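Have a look at the structure below before the remarks.
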Amino acid sequence: MSASVRVRFAPSPTGPLHIGGVRTALYNYLFARKMGGTFILRIEDTDQTRFVPGAEQYILESLAWLGISPDEGVGAEGPHAPYRQSERKDLYKAYADQLIREEKAYYAFDTSEELDAMRTMFESKGSAFQYNALTRVKLRNSLALPAAEVQALLDANTPYVIRLKVPAKGEIRFQDSVRDWVHVHTSSMDDKVLMKSDGMPTYHLANVVDDHIMEITHVIRGEEWLPSAPLHILLYQAFGWTAPQFAHLPLLLKPEGNGKLSKRDADLGGFPVFPMEWTDPQTGAVSKGFKQEGYLPEATLNFLAFLGWNPGTEQELFSLAELVDAFSLERINKAGAKFDVNKAKWFNEQYLKQQAPEALADLYLGHLSKEQGLAFVSLFLDRITFPKELSALVAAFIEKPSNYDEAVIQNKWNAESEKGLRILADAFPKVGVWQADDIKLVIHESLEAAGIKMGKVMQILRVALSGNGAGPDLMISMQLWGKDQVIERLEAALKTFPSIN
RNA sequence: GGUCCGUUCGUCUAGGGGUUAGGACACGUCCCUUUCACGGAUGAAACACGGGUUCGAUUCCCGUACGGACUACCA
């Protein structure tokens with residue numbers, strides 16, 4: 001029996017993987033790497049009615065984008081293939097039958113309609129229906145019905161499910177890595193369905209069987225599974241297997257208000273909840289993705305890692321390798337975390353500044369010369385959150401101003417600044433080398449000679465040349481526009497601005 | 001309704017029986033700068049409440065409140 005750590009990420013292909021799922025995958029990945037273990041991807045597609053084409057591919061691509069691809073499983077294969085539960089269907093039945101033989105599970109013939117009716121009846125009385133030790137004796141199952149009748153129903157191919165026979169009394173307890181001891185009385189649990197009438201296992205059975213067969217040592221999953229963990233423990237006990245170590249992760253919450261972050265929150269707050277863009281195959285509706293919004297994978301990873309975990313030091317910027325090194329289950333928080341788009345943007349800005357300027361220029365300013373591209377990257381890098389802003393910013397920069405910032409003209413356009421601009425219009429053609437430092441010198445000297453302070457003229461010059469009251473370094477901007485262009489723009493502004501002198 | 005889980009600045013969080021309760025994002029102010037941004041400095045801002053235990057509780061225990069998850073032949 002090997003002691004090496006094996007963890008799995010086990011999503012359902014029912015739509016795009018949402019960002020909470022990505023974090024679960026990340027923590028599994030980090031833990032596996034940290035412990036020198038194996039990270040497995042298993043696809044839990046036992047609900048055929050909810051299968052969405054393309055979802056599995058989406059999961060694989062999202063993990064690949066972030067650099068947390070599985071070592072084993074769908075997309076990687078391995079010794080326990082297949083890793084899609086729909087392809088393991090026959091396996092589960094045998095385990096369910098084993099529990100039937102050992103009288104730890106039983107056949108139930110109640111139809112969905114009958115159960116629904118039961119629920120509404122209980123509800124009208126102000127209580128909740130549970131299929132358990134108290135109620136199962138009055139329902140249509142192999143525990144309540146005479147053996148001969150059960151056999152007759154089976155022989156007649158009556159649809160049935162297999163339910164776990166949960167003991168009437170007893171306490172289930174387990175030590176969760178995040179929550180410490182959790183206790184639940186079996187009396188509050190119900191006889192969950194293990195095999196559905198379509199012959200597919202439910203999550204509970206498939207999950208426990210596969211985790212055992214695949215030798216999973218640690219189950220790291222979302223807190224929404226905490227209530228069913230005792231059921232899973234009961235199943236491990238029924239099979240006589242040792243349960244893996246559980247770690248239930250805190251939920252990712254809606255940024256505004258309360259509640260679990262859901263797929264419906266997509267686009268509501270102007271931020272994505274999916275790693276990549278997703279087009280609904282049914283409706284054609286498109287949901288934003290971190291990738292397409294312009295988040296870098298490193299930033300997305302770093303941001304996500306800190307939602308529910310921290311290293312206990314004041315370092316906040318972590319590469320994937322550093323995260324692996326610092327990660328531990330013990331430092332995962334208990335409380336749910338809302339996510340803050342400002343923090344996500346801040347992480348992106350940090351990583352953006354670390355990008356190779358050449359790569360950014362290539363990717364976003366490929367239509368320009370290499371030299372120009374690099375110049376623009378260095379001019380704008382500190383002013384953007386997403387790399388794609390570069391293209392629009394540069395396009396606007398190159399464009400001649402179509403209108404001028406009125407407020408600045410109101411405040412700064414006067415006899416003195418007009419005189420200043422006219423002096424500059426005369427001086428610029430005489431500049432020899434059109435280079436930022438020389439331009440600055442010429443501006444300084446010519447204005448000084450006229451007794452005008454630079455500060456009186458600079459902002460109006462900026463408006464005259466760019467239309468805007470604020471922006472990147474003017475001298476470098478002028479150098480990039482080029483001498484002719486600057487002179488032309490200045491002349492145009494001088495004609496447009498109302499003359500005072 | 002029932003079961004389970006949670007609660008430190010607006011947000012992410014550190015801390016943990018005696019602390020000026022620390023950091024980051026966002027926000028304010030100042031510095032840098034011809035402007036804006038970047039950067040630097042600085043400010044405002046939190047232990048849900050009530051009982052215990054204790055010399056002392058934000059920290060431990062119990063309640064309460066609030067929030068959340070689950071309560072399907074979905075995962």
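Order of the sequence lines fixes the chain letters, A, B, ..., with proteins taken first and strands second; residue numbering starts at 1 for each chain. Every value quoted in this text rests on a predicted model; they were computed, and no experiment measured them. Values reported hereafter were calculated over all heavy atoms of this structure, with side chains retained and with hydrogens, waters and symmetry mates removed.
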What pairs of donor and acceptor atoms, side-chain ones from residues 453-476 of chain A against any protein atom, are under 3.5 angstrom apart with sequence neighbours left out?
unit_1, atom_1, unit_2, atom_2, d
A/Q459, OE1, A/K412, NZ, 2.8
A/Q459, NE2, A/G469, O, 3.0
A/R462, NH1, A/P472, O, 3.0
A/R462, NH2, A/P472, O, 3.1
A/S466, OG, A/R462, O, 2.9
A/S466, OG, A/N468, N, 3.1
A/S466, OG, A/N468, O, 3.4
A/D473, OD1, A/M475, N, 3.0
A/D473, OD1, A/I476, N, 3.0

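- In this structure, A/L231 and A/V208 have side chains that are not in contact, with every pair of non-hydrogen atoms separated by 4.5 Å or more.
- Rounded to a whole angstrom, the distance from the C1' atom of B/U11 to that of B/C27 is 12 Å.
- In the set B/U34, B/C4, B/G6, B/G6 carries the atom at the smallest distance from any side-chain atom of A/R179.
- Heavy atoms of A/H185 sit nowhere under 4.0 angstrom from any nucleic acid atom.
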Nucleic acid footprint by protein, nucleotides 69-75 of chain B - heavy-atom cut-off 4.0 Å, B for base, S for sugar-phosphate alone: SS-SBBB
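- Pair check for B/U33 finds none; no Watson-Crick or G-U wobble contact set falls under 3.5 Å.
- When both pairing distances are held under 3.5 Å, B/C4 makes a Watson-Crick or G-U pair with B/G68.
- In the model, A/E44 has no side-chain atom that pairs as donor or acceptor with a side-chain atom of A/S12 under 3.5 Å.
- Between A/N333 and B/A14 there is a side-chain polar atom (N or O) within less than 4.0 angstrom of OP1 or OP2.
- Across the C1' atoms, B/U7 and B/C12 are found 15 Å apart, a figure rounded to whole Å.
- Looking at A/Q48 and A/S86, their side chains never bring a donor and an acceptor atom within 3.5 Å of each other.
- Remark: the separation of the P atoms in B/C60 and B/U8 is 13 Å, to the nearest Å.
- Counting only N and O atoms by type, the side chains of A/Y92 and A/D210 include a donor and acceptor under 3.5 Å apart.
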Test A/F386 against A/Y295 for ring pair (Phe, Tyr, Trp, His ring centres under 6.0 Å), laying out the working first. CA-CA 7 Å; A/F386 303 114; A/Y295 287 93; 4.9 Å; yes
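- The nearest heavy atom of RNA chain B to A/I384 and to A/M458 marks one nucleotide each, and the one closer to the 5' end goes with A/M458.
- Nucleic acid contact for A/G471: base, since at least one base atom lies under 4.0 Å from a heavy atom of the residue.
- In this structure, A/N310 reaches the B/A14 phosphate: one of its side-chain N or O atoms is under 4.0 Å from OP1 or OP2.
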Let me have a per-nucleotide readout for nucleotides 21-30 of chain B, 5' to 3', with B, S or -, counting only protein heavy atoms under 4.0 Å. -SSBBS----
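- When both distances must be under 3.5 Å, the Watson-Crick or G-U wobble mate of B/G63 is B/C49.
- Using a 4.0 Å heavy-atom criterion, one finds that A/L474 contacts the bases of the nucleic acid, with or without backbone contacts as well.
- Backbone-only contact: A/R331 has heavy atoms under 4.0 Å from sugar-phosphate atoms and none from a base.
- Both cation-pi conditions hold for A/R23 and A/Y27: the charged atom is under 6.0 angstrom from the six-membered ring centre and inside a 45 degree cone around its axis.
- For A/F339 and A/F271, the ring centers sit closer than 6.0 Å to each other.
- Pair assignment for B/A24 gives B/U11, based on Watson-Crick or G-U wobble hydrogen-bonding distances that are each under 3.5 Å.
- Pairing partner, B/U58: none, since no Watson-Crick or wobble contact has both distances short of 3.5 Å.
- A/G308 comes within contact range of the sugar-phosphate backbone alone, with a heavy-atom separation under 4.0 Å but no base atom that close.
- Using a 4.5 Å cut-off on side-chain heavy atoms (C-beta onward), A/Q350 and A/N302 make no contact.
- The residue A/K345 sits apart from the nucleic acid: no heavy atom pair falls under 4.0 Å.
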Check the pair A/L304, A/F347 against side chain to side chain contact (heavy atoms under 4.5 Å, CB included), reporting the backbone distance first and the verdict last. CA-CA 10 Å; A/L304 239 30; A/F347 274 111; over 6 Å; no
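- Nucleotides B/A46 and B/U19 are separated by 15 Å at their C1' atoms, to the nearest Å.
- Comparing A/A470 and A/V178 by the nucleotide of RNA chain B whose heavy atom lies nearest to each, the residue mapping closer to the 5' end is A/V178.
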